[in-house]
Structures are given as C-alpha cells and as structure tokens.
Colleague: 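Just passing along the structure, written as structure tokens.
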2 protein chains.
Amino acid sequence: MPLDNPTKTLAVTTADKVFEQIQHAIVEGDILAGSKISEPELAKQYQVSRSTLREALNRLEKCHLIERKPNVGSRVVECSIKGLLELYITREALEGMACRQAAENMTGEEIVDMKAMLSQHSTAQDLQDGVAYYQEKGDLDFHYKVILGSHNAQLINLICGQLYHLVRMYRCQFGMNSPRASRAFSEHARIIEAISDRDGELAELLMRRHIAASRKNIENKIAEQNKLNQ
Amino acid sequence: MPLDNPTKTLAVTTADKVFEQIQHAIVEGDILAGSKISEPELAKQYQVSRSTLREALNRLEKCHLIERKPNVGSRVVECSIKGLLELYITREALEGMACRQAAENMTGEEIVDMKAMLSQHSTAQDLQDGVAYYQEKGDLDFHYKVILGSHNAQLINLICGQLYHLVRMYRCQFGMNSPRASRAFSEHARIIEAISDRDGELAELLMRRHIAASRKNIENKIAEQNKLNQ
DNA sequence: TAACGCATAATTGTCGACAATTATAGTTCA
DNA sequence: TGAACTATAATTGTCGACAATTATGCGTTA
C-alpha cells in the first residue's frame with residue numbers, strides 16, 4: 001500500500017500516473033500554489049494528450065488541489081491562513097469522529113498492530129539521522145491507522161482520499177516537517193489507550209484536542225515567520 | 001441560487017447540464033441504484049459525445065453518486081443500510097462542526113433570516129396540501145442555512161457539494177419524504193436558539209443529536225419495511 | 001456435463017482536430 | 001491621455017476515431 005495515501009490502488013492508467021506526478025509537484029511546491037495551469041503546456045510537459053491531462057485534472061480537483069472555472073481554466077489552490085484554519089477544523093470534525101468509530105470498530109489485531117507501531121516510533125525517535133522524516137512519517141502512519149480503523153468507507157475516503165493531500169501540501173509549503181515531537185507522541189499514546197479501552201467518547205475528545213493543538217502549533221510557526229519578515 | 005444545492009453556480013457548459021440531468025435521474029431512482037452505466041448508451045440518450053459524458057461522470061463521481069473502476073466502467077452506488085449509517089455518521093461529524101462554526105461566525109442578519117424562515121415553516125406546516133414536500137424542503141433549507149452560516153468553505157463544499165446528493169438519494173430511495181414532522185421542527189428551533197446565543201458547544205451537541213435522531217428514524221422505517229416484507 | 005481456452009464483440013482509455021469562449025493587443029474616438 | 005471597441009490570438013469545451021483492455025460466446029477436451 002502506498003505510503004502517502006493508503007486508500008488509492010496502484011496507478012494503472014496513464015491518467016493516473018500523470019495525476020500522481022502533478023499531485024507530487026503541487027504538494028511539494030514544484031508547481032507554485034496559486035499559479036494558473038495551462039492545459040496545452042502541461043500536456044506537452046508530461047507527453048500526453050489534452051484529454052488524458054484533463055482526466056488527471058479532474059482527480060486533482062477531487063482532492064481540492066486545483067480549482068476550475070468553466071471556460072476560464074484551472075489554478076492551483078492558494079495556501080492561506082484562512083484555508084489552513086478551515087482545513088484543520090474540518091479535520092478535527094472528521095478525524096475526531098473517525099477516532100470514535102475506531103474505538104468501536106477496530107479489531108484486536110489492528111489495535112495490537114497500532115501499539116507495535118507506537119513503540120517502534122518511540123525508539124525511532126531517538127535516531128539522529130532523519131529525525132524529522134521519521135516524525136512526520138510516524139505522525140501520518142498513526143493518523144492513517146486510526147482512520148482506517150474506523151471501518152467507515154465514507155470517512156476513510158473523505159479524509160485519506162481528499163483532505164490529506166491538502167494537509168501534506170500545507171505541511172510542505174509552510175515547512176512543518178518536524179512538528180511538536182515529544183508532545184505529539186504522548187498524545188498519540190493516550191489516544192491509542194482510549195481506543196484500546198473501547199472508550200469512543202474519550203477517543204474522539206483526545207483526537208480533536210490533538211488536531212487542535214497541531215493547528216495552533218502551525219499558527220504559531222506562521223506568526224513567528226511573519227515576525228521575522230518584518 | 002438553486003434549491004437543491006446552494007453552492008453550485010448555474011450550469012453553463014453542456015457537461016454541467018448533462019451532469020444535472022443524470023444526477024436527478026440517479027437521486028430519484030430513474031437510473032437504478034447499483035446498475036452499470038454504459039457510456040455509449042448514455043451518450044446517445046443525452047445527445048452528447050462520450051467525452052462530454054465522461055466529464056459529467058467525473059462530477060457524479062465527485063459527489064459519490066457513481067463509482068468507477070479503471071478499464072471496467074462505472075456503476076451507480078448501492079443504497080445499503082451500512083452506507084446509510086456511514087453517511088449519517090459523517091454528517092453528524094461535519095454538520096455538528098458546521099453548526100458550532102455557525103454559532104461563532106454567523107452574521108446578525110443571517111440569524112434574523114434563519115429565524116424568519118423557521119416561523120414561516122411553522123405556518124406552512126399546517127397546510128394540508130403538499131405537507132410532505134414543505135417539510136422536506138423546510139428541513140433542507142434549515143440545514144443549508146446552518147452550513148452556509150459556518151462561513152467555512154471547506155465544510156460547505158464537503159457537505160453541500162458532496163454529501164447532500166447522497167443524502168437526498170437515500171431519502172428518495174427509502175421514501176423518507178415526510179420525516180418526523182413536529183419533533184424535527186422543535187429541534188430546529190432549539191438549534192437556532194443556541195446559535196443565536198453564540199453557544200457553539202451546545203449548537204454542535206444539538207445538531208449531532210438532531211442528525212442521530214434522524215438516522216434512527218430512518219433505521220426504524222427500514223426495519224418496519226423489512227418486517228412487512230416477511 | 002463441466003471446465004478450460006480461444007476468437008470475437010463490446011467497452012473503456014487515449015488521441016488529434018474543430019468549435020466556442022475568453023484573453024490580449026492595437027486602434028479609434030472623446 | 002484614457003477609455004471603449006475591434007480584431008486577433010490563445011485557451012477551453014466538444015467531437016469522432018483509433019488503440020488497449022475487458023467481457024462474451026462458442027468450441028474443444030477431460
């Protein structure tokens with residue numbers, strides 16, 4: 001299963017491959033946020049016809065990475081503070097509920113697996129090399145496991161299939177590669193505990209606080225950046 | 001603004017029009033749930049080319065009315081009990097949060113407008129003609145106003161642009177045209193009161209209960225239907 | 001008879017071209 | 001000089017055809 005999106009199947013059609021490539025380019029900023037997309041240009045760049053490219057654009061629109069206006073064209077979404085806030089509030093609602101559902105629906109095996117992942121991350125945390133990478137990857141792994149554990153196809157599709165592309169984009173663009181290491185870790189631990197206790201109400205509450213804290217952390221970093229720029 | 005979807009702009013391109021037509025056909029059951037979609041057939045039926053039809057199919061997929069498998073084709077989604085439950089749980093999360101945001105962000109004017117709508121519905125409720133229609137329309141109007149009142153583009157898009165097509169489909173397919181008249185009405189009243197008091201926490205709680213009650217109501221009706229069929 | 005394999009038919013994915021709409025640049029007129 | 005209009009260029013939307021993949025039906029064989 002692909003690391004960056006646990007719901008999608010392997011790209012089989014060329015439109016899928018082009019979609020993945022452009023998606024990466026947008027998330028990592030190789031295609032600038034807010035920039036206009038020229039269909040003929042991109043089609044030439046990726047060596048496909050415009051029809052195929054438009055199919056890829058449709059999928060990019062599905063996960064809110066681009067916006068289209070009829071008879072005008074497509075633009076990459078902007079990364080604004082307002083957008084970040086809206087995204088995290090939506091995450092709070094959806095992942096909170098997913099966490100509640102996970103507490104109700106996760107299998108024993110899944111819970112064991114999740115605990116194993118946590119203890120593995122606790123050792124990986126001490127590594128000096130690539131700490132940031134492990135922390136971000138660890139955070140994503142944790143959230144994906146909870147979401148999938150909800151066993152709710154609607155929630156899984158909305159969060160993993162749509163929201164998380166934007167989440168990764170904001171993380172990349174604002175340089176949030178090493179967020180709140182230790183505190184996030186202990187928060188993860190408590191959430192897993194609540195799930196393990198089958199306490200859906202507490203699990204939801206903790207997940208919502210966890211995401212709200214993450215949001216405030218990013219807001220602070222942005223405020224710092226703004227202060228430095230003055 | 002169109003009654004059935006307050007976020008979408010008027011259909012300008014032919015693909016838009018075809019999308020709307022097929023959407024209605026699916027929601028109201030003219031195209032059977034679970035049935036396979038033949039691109040050449042539908043294209044002929046709606047007098048457009050396959051490219052245009054595929055553009056429409058992409059939008060249907062965006063609001064989860066059809067599912068596509070690469071190299072195989074599209075199917076209209078099934079209306080299952082499991083799907084209904086998942087949908088309403090997602091609604092509970094998203095609309096609950098939207099309601100909290102509405103309590104925080106709605107303008108005074110919007111609140112006045114919403115109260116006016118409620119009192120208008122209270123009189124319309126006494127009408128003998130088309131009671132069911134007014135009740136369903138009234139319910140949708142209320143929910144749309146709350147969602148738009150959140151002033152959160154992400155939430156608005158997810159709920160109005162995606163989930164509500166499915167909600168209306170389930171309502172049509174299971175014949176839920178006159179749901180819980182009086183009780184739903186008083187629940188609406190209390191939610192508006194909480195929003196008017198700027199009590200986000202209570203507003204979210206009440207909206208979640210309101211949707212959960214609606215879910216249970218539908219579950220009961222389905223159980224009744226199953227009992228009759230035995 | 002049932003199951004496997006092959007050839008055919010049908011469907012989806014991709015392509016290039018044309019039509020319709022929008023953006024651009026140049027010109028005219030107040 | 002600036003604003004509005006026009007003609008041109010560029011972009012998006014739509015179309016029909018071909019290529020690749022999948023489904024179907026028949027014949028063969030164990």
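Bear in mind that the values here come from a model prediction, so they are computed numbers and not experimental data. In the text below, chain A, chain B and the rest are named by the order of the sequence lines, each starting its count at 1.
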Colleague: So which atom in A/Ala33 and which in A/Met169 form the shortest heavy-atom distance, rounded to 0.1 Å?
Modeller: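 Where A/Ala33 meets A/Met169 most closely, the heavy atoms are CB-CE, 3.9 Å.
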
Colleague: For B/Glu41 and D/dA23, give me the distance from atom CD to atom C1', rounded to whole Å.
Modeller: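 Taking atom C1' of D/dA23 as the reference, CD of B/Glu41 is at 16 Å.
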
Colleague: Treat primed atoms plus P, OP1 and OP2 as sugar-phosphate and everything else as base, then score nucleotides 9-14 of chain D 5' to 3': B for base contact with protein heavy atoms under 4.0 Å, S for sugar-phosphate contact only, - for none.
Modeller: ---BBB

Colleague: Report the C-alpha distance between B/Glu95 and B/Ile147 in whole Å, list the side-chain angles of each, state the deciding distance to 0.1 Å, and finish with yes or no for side-chain contact (heavy atoms from CB on, under 4.5 Å).
Modeller: CA-CA 7 Å; B/Glu95 285 200 56; B/Ile147 296 158; 3.9 Å; yes

Colleague: What residues form a side chain to side chain contact (heavy atoms under 4.5 Å, CB included) with A/Val167, not counting sequence neighbours?
Modeller: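 A/Val167 satisfies side chain to side chain contact (heavy atoms under 4.5 Å, CB included) with A/Leu87, A/Tyr88, A/Arg91, A/Tyr164, A/Arg171 only.
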
Colleague: B/Ala15 and B/Ala56: which non-hydrogen atoms are nearest, and at how many Å?
Modeller: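 Of all heavy-atom pairs spanning B/Ala15 and B/Ala56, the closest is O-CB, 3.8 Å.
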
Colleague: Can you list every salt bridge (Lys or Arg N to Asp or Glu O under 4.0 Å) pair that touches residues 31-47 of chain B, not counting sequence neighbours?
Modeller: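 Those involving residues 31-47 of chain B are B/Glu39-B/Arg50, B/Glu39-B/Arg54.
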
Colleague: Distance check needed: C/dG16 P versus A/Gln47 CD, whole Å only.
Modeller: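 Rounded to the whole Å, the gap is 11 Å.
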
